[in-house]
Amino acid sequence: MMADKIVYLVLFICFGYTHGEMDTSVCTGETPGPHDPPGPPTLPDAFEVHVEANIYNRNYTVDFHLWYNKTMNQVSTHTTNAGTRFERLYRFDTNELYVVNRDQGICTVQPLTTGRRAFLFATVTGGHATMKTPTQFLRFNMTGVREKWINQTVVRGIKCNMWRECLYSAKRNSTTAVDWYFSVPSWYNAKLSNQIPIRAHVFGSTVMKNGQKRKYDHMYEFSYLNLQPEGVHLYDLQTPAGVYCPRAKNMKPLPTPTSSFHFTAEILFGLSISRIKEWYDSDLNLVRYDYDPLGTQKYGTLPLTQVHDFSTGVAYVIDTLRGNCTATPISSTGFDVRNADPSHVRIRTSKEFFYFDKASYVYEGRRQVRGITTDVWIAQRNDWPKAGSPNSTWEWYFATPNYTANLMQKPTFGLPVRMVLDAGIGQHYIYNIYDYDERRPMIWSYDISNCFNYSERQDFSFRLPGSYRKLVNGNMELFRYAVLQAIVIAGTSNKLQLSALRVYNIQIDYADNSDIIVQFTLLDKAPQVGDVSNPKQENSLAVVAKSISGAINSGQLIVRLQIPPTTANMVAKPYSLSPGRVVKDAYYKQTKAGSTSTTGVSGGAMAGIGVALLVIFFVIGVAATYFYYRRQGGAFGPQKIDNTDITSTDA
Ligand SMILES: *[C@@H]1O[C@H](CO)[C@@H](O)[C@H](O)[C@H]1NC(C)=O
Ligand SMILES: *[C@@H]1O[C@H](CO)[C@@H](O)[C@H](O)[C@H]1NC(C)=O
Ligand SMILES: *[C@@H]1O[C@H](CO)[C@@H](O)[C@H](O)[C@H]1NC(C)=O
Ligand SMILES: *[C@@H]1O[C@H](CO)[C@@H](O)[C@H](O)[C@H]1NC(C)=O
Ligand SMILES: *[C@@H]1O[C@H](CO)[C@@H](O)[C@H](O)[C@H]1NC(C)=O
Ligand SMILES: *[C@@H]1O[C@H](CO)[C@@H](O)[C@H](O)[C@H]1NC(C)=O
Ligand SMILES: *[C@@H]1O[C@H](CO)[C@@H](O)[C@H](O)[C@H]1NC(C)=O
């Protein structure tokens, strides 16, 4: 019932201005006098104002907050209607009208040019809506409309000039008088604006279809007028946070994630704040995440690391404090998992990982979160947490492209700052994303050595000619990758690739005769527990060791270290492979600080490694060799019995 009253509010504005047979009891037409004071200046292209409308003939008051922005071609109004807060967003840039129930978060989108949706703020011709200028919108000083200055008077205690307009609409057979009150030139508001609209009094009569005359009388009070464009926030010209508008046009494409990345997230849920670190690499089929499990979960409450190797379908759950590990099938319910078919799992694509698949994201605009100006997209889906669930909304915040991060290059994905998931009452999650980095996570990040006991692992060492000593010393990290690559190739036999996950703890030392001693640990094959459709078959530890030994003895284990412009092909000395540990002083230890992830190493040091990593990955990809790396060392705290060179890792 109240909704229709809103229409009266705008009644006066929809009149044409043809002069005709007026109701002379309302007004008789105005002729400006020669000595009238000049009209007030026009309003700027962006302003914000509060309007209180008093509809006397209906005994009704309603308040509007209005944002007008001709530059952006948008108008927004906030009002309360029958106790419910509404927003109307007129988008002349996209020809859409958004009507948002702000209390229930329901939004509908309609074309602006159909019906009479746009008439208040636009003129519609031939299906195209042109936004009105402030003058056209206020109907003051328009061509064909004459205002007569009446007198100076006081409105709400403000000294005002008053003008009167007399309008007649033949179509509606109505006569309307509009009394405009603008503050006088010498009266300023707190924003130092003068000659601004203070009040419009609209009254008149119309002859209805049944021939009856009906009178109307509206009073519009203008307050809080803000003419400073920088004060007219863009944020008000968009839909409220968390509200999805079905069928809205998307004016900015959602960023596309890359195939590998690493980040830390803070998860806010109710009053709980938890954290998770995630590493993702769909090229290598690997996911790792570190988290603090809830008390009710099966591996206790100590911090856990999970490494999911989708090539074998094995999830390695590592208790980082106790150092023990459980290998289980990758569960189909994990956030990194999709069902390839009802009984098999696969890694999510990066789009699936971020829930960008099967959802149409709509650009909402810009918003500030965590002190960062962000671009925000929103989508709705009904498959979370499982298919057929009620609607949930997903909102992604990305730092605007103006922001830089001290990464080598701008992430193609951009910098995600926050994700908000709202799946109904009691299901509101905020993911604050930090430390986003799409450089391929260091291969050593996926360490599963805790999952293999001493009978399932073996140490080996071999020697390289000492003449490369200087080169190796200056490029220790790259050298380790090169060694890994060589071992992966040498350990591949019977057409079964050696997974790089199985080679870890590569150490370097120099023998008395200045040979380079390379030591590494080889792990047994993955436990046969996974549910991937096509698990990789693997050779046993003994077969791999034999293959590596064969390669070394025939001069075919070649460590290729590419440090442009040089490429060193270091051939392992035949018959130098020996089991057990010989490295006493692990040179690599000195550079160990950043070995667990791409973070924690200074930008300069990382730059070289990152670029080289990509190069190496490309080379390996071409060689179609699996390239699973592992980080050196192991867990926190208790040292592994057979591993004397553990150093602590990050959390
Ligand atoms: C009204 O028109 C006059 C002359 O065109 C102009 O100087 C004045 O700024 C206008 N005032 C408004 C409110 O548009
Ligand atoms: C408004 O209130 C007056 C009395 O104050 C009453 O006579 C009139 O009928 C009311 N009008 C409407 C439209 O309710
Ligand atoms: C100004 O004019 C209006 C309308 O004629 C009148 O009601 C009002 O009393 C006048 N005010 C002053 C201060 O003269
Ligand atoms: C580690 O050992 C503890 C104590 O035996 C056990 O409760 C826990 O489930 C184990 N964790 C993993 C990841 O295997
Ligand atoms: C989910 O939202 C769509 C509109 O996006 C709506 O048509 C549908 O009814 C909603 N489903 C539920 C269960 O609320
Ligand atoms: C952001 O970048 C755009 C275009 O590159 C530029 O127009 C705008 O002024 C920048 N904004 C800030 C706050 O630097
Ligand atoms: C090592 O682990 C394997 C597989 O879990 C198990 O069969 C074997 O008994 C273990 N060996 C020792 C000495 O614990």
Side-chain angles (χ1 to χ4, degrees), residues 1-9 11 25-33 36-37 53-62 82 147-166 176-184 186-187 198-206 208 212-219 288-309 314-331 334 447-453 456 526-527 529 634-638 640-641:
M1 178 217 159
M2 294 234 188
D4 61 326
K5 293 192 175 171
I6 300 302
V7 175
Y8 295 104
L9 171 79
L11 200 112
S25 69
V26 176
C27 57
T28 55
E30 303 296 342
T31 313
D36 288 355
N54 294 305
I55 316 297
Y56 288 149
N57 52 301
R58 294 274 159 176
N59 300 347
Y60 182 63
T61 296
V62 63
E147 296 92 13
K148 178 167 171 49
W149 180 79
I150 305 291
N151 60 13
Q152 248 182 29
T153 183
V154 173
V155 169
R156 297 184 348 234
I158 304 165
K159 201 183 231 185
C160 291
N161 273 313
M162 172 191 163
W163 282 268
R164 177 165 289 172
E165 299 169 345
C166 189
T176 308
V178 181
D179 286 349
W180 274 108
Y181 298 84
F182 286 84
S183 59
V184 297
S186 59
W187 193 284
I198 302 295
R199 168 183 287 175
H201 184 197
V202 180
F203 55 95
S205 72
T206 183
M208 295 188 292
Q212 272 189 344
K213 196 156 136 181
R214 189 174 64 74
K215 291 189 171 223
Y216 45 85
D217 188 353
H218 307 172
M219 191 76 93
R288 166 181 164 190
Y289 53 103
D290 292 2
Y291 62 109
D292 302 293
L294 295 172
T296 50
Q297 288 178 0
K298 100 171 154 203
Y299 302 109
T301 53
L302 297 178
L304 293 182
T305 288
Q306 291 219 15
V307 174
H308 293 178
D309 177 3
V314 180
Y316 299 94
V317 187
I318 302 151
D319 182 323
T320 55
L321 286 179
R322 283 185 279 226
N324 58 339
C325 167
T326 302
T328 74
I330 295 173
S331 152
D447 180 11
I448 53 168
S449 56
N450 291 42
C451 306
F452 295 83
N453 63 29
E456 299 164 309
V529 293
F636 283 107
K640 283 177 281 184
I641 299 127

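Counting convention: from 1, in listed order, for ligands and their atoms alike.
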Aromatic ring pairing H308/Y289, orientation class (parallel under 30°, perpendicular over 60°, tilted between): perpendicular

Residue N59 vicinity, atoms of ligand 2 by number, heavy atom under 4.0 Å: 1 (C), 2 (O), 3 (C), 8 (C), 10 (C), 11 (N), 12 (C), 14 (O)

Return a table of N or O atom pairs, ligand 3 on one side and protein on the other, at distances under 3.5 Å, rounded to 0.1 Å.
residue, atom, partner, partner atom, Å
ligand 3, 2 (O), N151, OD1, 3.4
ligand 3, 2 (O), N151, ND2, 2.3
ligand 3, 11 (N), N151, ND2, 2.8
ligand 3, 14 (O), N151, ND2, 3.1

Ring centers of H201, Y181 separated by less than 6.0 Å: no

Main-chain N/O of F203 paired with D217 side-chain donor or acceptor, under 3.5 Å: no

Partner of L302 under side-chain contact (heavy atoms from CB on, under 4.5 Å), chosen from T320, L321, D292: L321

Element-labelled atoms of ligand 2 that are located less than 4.0 Å from some non-hydrogen atom of N57: 13 (C)

Residue pair Q306 / A315: nearest heavy atoms and the distance that separates them: OE1-CB, 4.4 Å

Distance filter under 4.0 Å to C325 heavy atoms, resulting ligand 4 atoms: 14 (O)

For M162, the option from N151, V155, I198 that meets side-chain contact (heavy atoms from CB on, under 4.5 Å): N151

I55 side chain reached by T61 side chain, heavy atoms, under 4.5 Å: no

Residues that M208 engages under side-chain contact (heavy atoms from CB on, under 4.5 Å), provided they are two or more places apart: N210, Q212, R214

Contact (N/O only, under 3.5 Å) between Y299 and ligand 4: no

T326 neighbourhood, listing ligand 4 atoms whose heavy-atom distance to it stays under 4.0 Å: 12 (C), 13 (C), 14 (O)

